[in-house]
Structures are given as C-alpha cells and as structure tokens.
Amino acid sequence: MRIRIFPVDITYGIVNNEPEIRVFGVSEDGKHVAVAHRGFRPYFYAILSNEEAVSELRRMRNVISIEIEERKLFGKPVKVAKIIVTTPDKVRDARERAATIKGVQDVLEADIRFTLRYMIDKGIKPGWMEFEAEPSDGFGTGIDAFYRATSDPVQVESTLVPPLRYVAFDIEVYNPFGSPSPERDPIIIISMMDWSGNIKLLVNDGDEEKLIRDFVRELNELNPDILFGYNSSRFDLPYLVRRASVLGVKLPITKYGTAPEQSTYGHWSIIGRAHIDLYGVIQEMSDIKRKSLDYAAEYFGVMKRSERVLIPGHDIHRYWDDASKRDELLKYARDDAVSTLRLGEKLLPHIIQLANISGLPLDQVVEASVGARVEWMIMHEAYRAGELAPNRVEREYEPYRGAIVLEPRPGLHNNVAVLDFSSMYPSIMMRFNVSPDTLMEGECDCYVAPEVGYRFLKSPRGLYPRMLEKLVSARRSIREQMRLIEAKSPEFIYLDARQRALKIMANAMYGYCGWTGARWYRREVAEAVTAWGRSLLTSAIKFAESIGGRVIYGDTDSLFLLNDEGVISKLIEKEEKDGFEVKIDKVYDKLLLTESKKRYIGLLPNGDIDIVGFEAARGDWCDLAKDVQEEVAELVLKRGTNAAIEYVRGIIKKLREHSIDLNSLIIWKTLDKSIDEYKVIAPHVAAARKLIERGFRVGKGDQIGFVVVKGEGRLADRVVPIALIKGNEDIDIDYYVEKQVIPAAMRILEPLGVNESALREKRGGGSILDFLG
DNA sequence: TAACCTAATAGTCAA
DNA sequence: TGTTGACTATTAGGTTAG
C-alpha cells in the first residue's frame, strides 16, 4: 500500500545493530502515523591518494563495505572511497581511524547527522512524502497507525498542509529572588492553548508534582504534532525538565514516552513532535524592534498590548502571593498562551516553507542560523550534482570591499523616481556564473570580474547559479499562480509564504558565500559579486547622465533620479539588454535628502511618509523622540517648517511640565555580549549591571530598557532599568529635551535652515540661574 | 579644574 | 555562526587654558 505522510519529526532507532529511520507525521486524513524504514546505513568519504589505502579501510571495524566513486570537490574531480558503517554511533570512530591511514588525504561528510543524511540521499525535504509500506508493529505512543516502508520515499509536491494539531504552552515561576532557579523556585502556573481554542490553566495548589503530572496528562491527551513556546528553548522547556527531575517526577511527553532532550545548538527536541520556539523566528525579523511576546503579538495583530494583562517578570511572585492579584496573574498566563498560539498560527506557514526549502526539520529550522539554512539547501543540491561537501574549517577573517553608496544631493527634491536592480546580487551570480566551483585560475573561457579580476567558467553551470535559478523560477511561477487565487484564501497564504521564503533564501546566498564559516566559502566569490555590483551601478549612473538624467542619490542597487520618463525607460531597456532587470520601486512627490547617506524622508503620492535610516526608524531611541521626528517629517513635507517648529516647541513645553507618559521615555538597547566583556560601560550596560546586582539574570542577547534620571556624573551613572522603576524617579527632562527630542527634530529641520534655538522656549527670568546650575 | 578634543567602543540601520 | 557601508552617541583618556 502507498502511504502519504507529512513529516513532523524524523528520528532513528537501532534494531539488531541496524539503523531504522522513523518518520512521525500526519496523513492526509489528519491521522497520526509513523513509518519505519530500514536498509539505509551511515557513511562518509575518504579522499584517496593511493589505492592501497582501500584494503586498510576495509579492515576497519564496523565497516560494512567500501565503494570507490568519482565525485567533485569545488568542481574538480576526485576519487573517493565511500565508507559505509553499521550504525550512526560508529561513524566518529571510523572517521578518526580512517584519517590516520596512509593514503587517505582527507575525510569528508563525516559530520552529517544520520537523519539529514537520509533525507539528502533520498531527495526528501520536510513536506509531503510517499512510501510503499505495510502495516507494522508499533514503536511509540499516541500514534494511530504504524507502517514499515518497503520502498524509498518520494517527495510529493503539494500546496496543501494537513490539519496539524498544535498546542502553545507557557510556564510561570515563583521568583522572589529575581531570576528563578529550577533547583529552588517552583513552577506555579502552566498555561496551555490548543488548536481548537481550548485554554487550560494548570495551577500549583501546593502540590507541584501534581501540576507537572497534570501537564503531562493534558499534553498527551491533546497529543499535538507541534508544541509552540516563546523562549521555550532557553527557559520553559529546560526549566520544566530540570524542575521535574529535582522533584523526581517523570516528564513523558515525547512519543517514546520519555522526557524532552537537548540536542544540537541548545535546541530541545520532543521525539515525534516538533517543538517550535517562536522567539527565534521573531528575533530575526528586523522590523520588530521589541522582541518580547507582548510586542511580537501586537505586531502581528494577534493581541493588543493595551488589551492584555502585562506583569513585569520580577513581580510575578508578588501577584502570586497577593490573593487579590492572583486572578490577574492567571489572566496574564492565559494571555501569554493565547498570544503564543496565535503567533504560532501566523508564523507556521513561513516556518513550514523555510523547512521545506532548506531541508531542515521544522524544529531545527527555527533554531538554525541563516547560514545553516542556506548550507543545508546547498547540501541537497550538491549531492545531486556529485559535489562533495567541504569540511567546516576555521578561517581567518578577510575583509573585502562591498557596495557603493552615492553622496546624496542635499535638499528637498520634487518628483523623484527610485529605480532598483531586482535581486542584484543573485542576478549577478546567475548572469556571470559566479560560484565556488566555477572559480578558475589562469586562462579559460571565463567571465572576468571587474576591478578584482577573478575568473569564472562560462560553463558548466555552477552550484550557486543553478540553485538560484531554481529558486527564482519557482518563485516566478508561484507568483503567477497567486494572481489566479483569491487573496487570503488558505492556498494564497501558503503560496505567499512560499514565495517569500524563496526570496529570503535567494537573497541569503550572497551573504553565505562571504561568511568565513561556510563550507563553500571562497572570498573571491563574494568579492567578485560586489565588484560586479559596483560596476553595474556606476555604469547605470553614467548611462543615465549621458542621456540627460539627474541622479541625486543611490545605494548598492538603487538610483534616485529626478523623474523623467524618457531617461528611465531608456535605462530600463538598456539594462534589460545586458541581462538585468531594473524596476521603478517607487516615486516620491517630495524627497528630503540630507548630507547623510542612508537617511532620507519621502512623501508618497498616497500621502504616506517613508522615513529611512533616521531615528524614527531605529529601535534605540525613546518613543517620544521617534514620534516627534515622525510628526516633524510629516509636517515638513505637507505643511512646511513653521508648523513643525511650533509642534516641537509644544512637545518640549509638555515635557517640561511633566505631562508626558514615562513609557515614552524608555530607551532600549540590546546587550550584544555578556556583561563582563564590555570595555566601555555604556548606559544600557550600567543598567544591566544594576539588574544583576538585584538578582536578575540578564546577559547576551537581552534587550535592556532604561530611563535617565537627574544626578551627577556620566549618563551611565544616571540610568534606571525599567524593572527597577518605582515611580518616584526624578526624570532628567533636560536630557530628553537636549539629547532626544531636539536632535531627532533637528536632524530633519537643520538641513531646511532651521536654527536649533527656534525650538527652545525663550528663557524667562532666572535664566542666569539656569546657566549656573 | 573645567573645557575641550579625539579615538575607541558599541549599537543599529540600509542595502 | 549571512555580508559591507554608514551614522551616531557615549565613554575614556588625554591636553589646554586659566
């Protein structure tokens, strides 16, 4: 019989010294099914410098057989021995032995995990797959039907996703000592929400063991395919596991009836299910400045911050202890579970597509770095092309030249067209066959990169260009399909997520090739791409100017031109002839350029304002300053500078009267390293230190919010982290006027000829005291 | 000692 | 553990005027 399965988790077991791949997933009718597949063995390659090594390799223990193959490494043919080993746990030992054998130059692909090896070799990525199979004995719990595969799997293209069952969970911990510790502090609430909207609030009524057992029972009854959490890889799941073990309670929530375990990169996996920590997905979305669950949920329109309970983390124990506040804490826990579930629903299509395109399983793809995702995608392609995966090696960092940014022509311009090269770097790689395996030294039938002179074979097609072509053409056909489908239908959402993911992956390839940690790293490849990019942009400028165009700004792949239809259409036509697509991205009715690169504001025909690069677009300025700048931008473009000046004066007056909400004065900055690595104690570092003194665990990656209060010394000595705000702080209004509001406003007003003094209230009597004091 | 200058450090954004 | 280019604030440590 034929079994079609949408995999949720793929793992393996060992039966009679033979590995058995086990695919847990969902069938088309929504049943939980699992397929076991035997017959596939782990292996790795050895590059041979002489044939005599083969007999010695054959004599190694746990080796089943050796096959001599012709493969390629960076495009060059090599002879390799494929060393097939009994079970995955024997690979390491065999690899180490093989490496010491004379005649073995190098050992390759010994660090590829078995289940991923299986998927690469069988041409399977997470998504529908089909087996010939027959019913079999069980090897887990919570499964409706077991099968044993009698054929290799086949990937099935389908735009459908089965009805997956998912649950979101969140734990609250009693934390009177600051950050909680599982050895000491009990779990007090576990909140859960399932796919059909049922919410469960499990409460510690004095028996924490029962709480955990209740959670296990509820979860196994729901038997979800996906468990969503928010920061659950770093907090909730390890805390639960540790706490259960401290209490001596079992936590059998995997489909093997075991506890979750930590696997690679700190990820916590639940066999048979996909544990998806949404925090990682949010973290890489640069549009979302605040990464906490409440902000992320608000960003996606899932739950407004104003409509939910917000409790500062360090206060949880107080709400628990205070009988009159406990209900609020329960509501808070509930809101977290609801937000997490709804966020999961929004993000799942995206996650499924990233998994399907990269080849990484659902739970791993959210944890994996961008580089790792691209690399797995390349591994699949390389295998089919007979290319060996190079080993990961530590390399020295070698900087190289990037893109051009034009000097802006400052001033207020009318009717400006912004043109850009569509997917410039991917296009360059495809157009000139730029790839690590086509890079050549010496004479050849080659494309030669400008300035840097690196040479790339015209044929055969390289690994990178081939992959990009697949990504680009897949995206193109999806976008065509989308035109025929009703927007917001399930299929539309699926296709849209897919085309976005394809674009993300295509755009990530350039960054990957310049990453020193990449298996297929070749600095020359990245360098050639940016060199061609510079040359494309400069020649486009020259051409535009030669036919009377006026270029006022440009960055990497974009040109800002005074709108002239003739010039623009000729430029577009010319680039098309050269194999590049140039498009009008947008047209501004008005555009304000300053002397700064990468910063401008523009007025679109529909009245919208674009603010690019300025403080209003940044996450590290207080909301007040950002709001002021946004308003100033709008007033300046729509009504003129005087209106903007009046507005700013009004805000400053309000601020001095203390009638501005404290929340709009919070400044957020990320700790990019752990606290003792800092050479300079910046304000947010000082704020973080204060938190640590008070028992909070803050560190690398955390966002620190603080306000500035009056006092002596450095700014860093005058910050109060928001978790420690009592409400009676003496806010340093002058700081907010002079260092936040006025600079943000002046950034836009100054180039228009406004003097800073125009923003300040005239000082009345007693001004001499102000100067002295 | 206050005022001023400058390099280094750090974070964030544009592309 | 994707890239370079660019802007900006703040600290840290100096020099200088008085």
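Letters go in sequence order (proteins before strands), and every chain restarts at 1.
Counting heavy atoms from C-beta on, the side chains of A:Glu631 and A:Ile651 never come closer than 4.5 Å. Looking at heavy atoms from C-beta onward, A:Val366 lies out of side-chain contact with A:Leu278 at the 4.5 angstrom threshold.
Among the atoms of the strands shown, only primed sugar atoms or phosphate atoms (P, OP1, OP2) are found under 4.0 Å from some heavy atom of A:Ala403. Looking at heavy-atom distances under 4.0 Å, A:Tyr553 makes no contact with the nucleic acid at all. Residue A:Arg392 is classed as having no contact, given no heavy-atom separation below 4.0 Å to the nucleic acid. Residue A:Gly511 is classed as a base contact, given a heavy-atom separation below 4.0 Å to a base. Among the protein residues, A:Ile404 comes within range of no part of the nucleic acid, since none of its heavy atoms lies under 4.0 Å from any strand. Looking at heavy-atom distances under 4.0 Å, A:Phe421 makes no contact with the nucleic acid at all. Using a 4.0 Å heavy-atom criterion, one finds that A:Arg373 contacts no nucleic acid atom at all. Backbone-only contact: A:Tyr400 has heavy atoms under 4.0 Å from sugar-phosphate atoms and none from a base. Residue A:Tyr521 is out of contact with every strand shown, counting any heavy-atom pair closer than 4.0 Å. A:Lys679 comes within contact range of the sugar-phosphate backbone alone, with a heavy-atom separation under 4.0 Å but no base atom that close.
For the pair A:Gln629 CD and C:dC7 P, the interatomic distance rounds to 16 Å; values are reported in whole Å. Whole-Å rounding puts the A:Asp287 CG to B:dA15 P distance at 13 Å. To the nearest angstrom, P of B:dG11 lies 16 Å from NZ of A:Lys289. Rounded to a whole Å, the CD1 atom of A:Ile601 is 17 Å from the C1' atom of B:dA14. As rounded to whole Å, 16 Å separates atom C1' of B:dC13 from atom CD1 of A:Ile288. Straight-line distance from the NZ atom of A:Lys669 to the P atom of B:dA10: 13 Å, rounded to whole Å. One atom, CZ of A:Arg714, and another, P of C:dA9, lie 19 Å apart when rounded to the nearest Å. Between the CD atom of A:Gln283 and the P atom of B:dT12 there is a distance of 11 Å, given to the nearest Å.
The CD1 atom of A:Ile704 lies 13.5 Å from the CD1 atom of A:Ile667; values are rounded to the nearest 0.5 Å.
Nearest heavy atoms, A:Ala531 versus A:Pro450: CB-O, 3.4 Å.
A salt bridge links A:Lys598 and A:Asp555; the closest N-O separation between the charged side-chain nitrogens and carboxylate oxygens is under 4.0 Å. Salt-bridge check for A:Glu298 with A:Arg290: failed, with every basic side-chain N at 4.0 Å or more from each acidic carboxylate O. Looking at A:Glu575 and A:Lys583, no side-chain N of the basic residue comes within less than 4.0 Å of a carboxylate O on the acidic one, giving no salt bridge. A salt bridge does not link A:Asp437 with A:Arg466: none of the charged nitrogens is closer than 4.0 Å to a carboxylate oxygen.
Put simply, A:Ser596 has a side-chain N or O that comes within less than 4.0 Å of OP1 or OP2 on C:dT8. OP1 or OP2 of B:dT12 has at least one side-chain nitrogen or oxygen of A:Thr670 nearer than 4.0 Å.
Contacts between residues 609-624 of chain A and DNA chain C, defined by a heavy-atom separation below 4.0 Å, involve A:Trp621, listed by number.
In this structure, of B:dT12, C:dC7, B:dA15, it is C:dC7 that holds the atom nearest to the side chain of A:Arg599. Here C:dT10 is the nucleotide among C:dA12, C:dT10, B:dG11 with the atom lying nearest to any side-chain atom of A:Lys739. For A:Tyr678, counting side-chain heavy atoms from C-beta on, the closest listed nucleotide (B:dT12, C:dA9, B:dG11) is B:dG11. With C:dT8, B:dA10, C:dC7 as the candidates, the nucleotide lying closest to the side chain of A:His684 is B:dA10. If you check C:dT11, B:dT12, C:dT8 against the side chain of A:Ala716, the one that comes closest is C:dT11.
Evaluation of atom-type donor-acceptor distances gives a pair under 3.5 Å for the side chain of A:Lys598 against the base of B:dA14.
Nearest-nucleotide positions on DNA chain C place A:Tyr510 closer to the 5' end than the other of A:Tyr510 and A:Glu407.
Judged by a 6.0 Å distance limit and a 45° cone about the ring axis, A:Lys673 is positioned over the six-membered ring of A:Tyr678.
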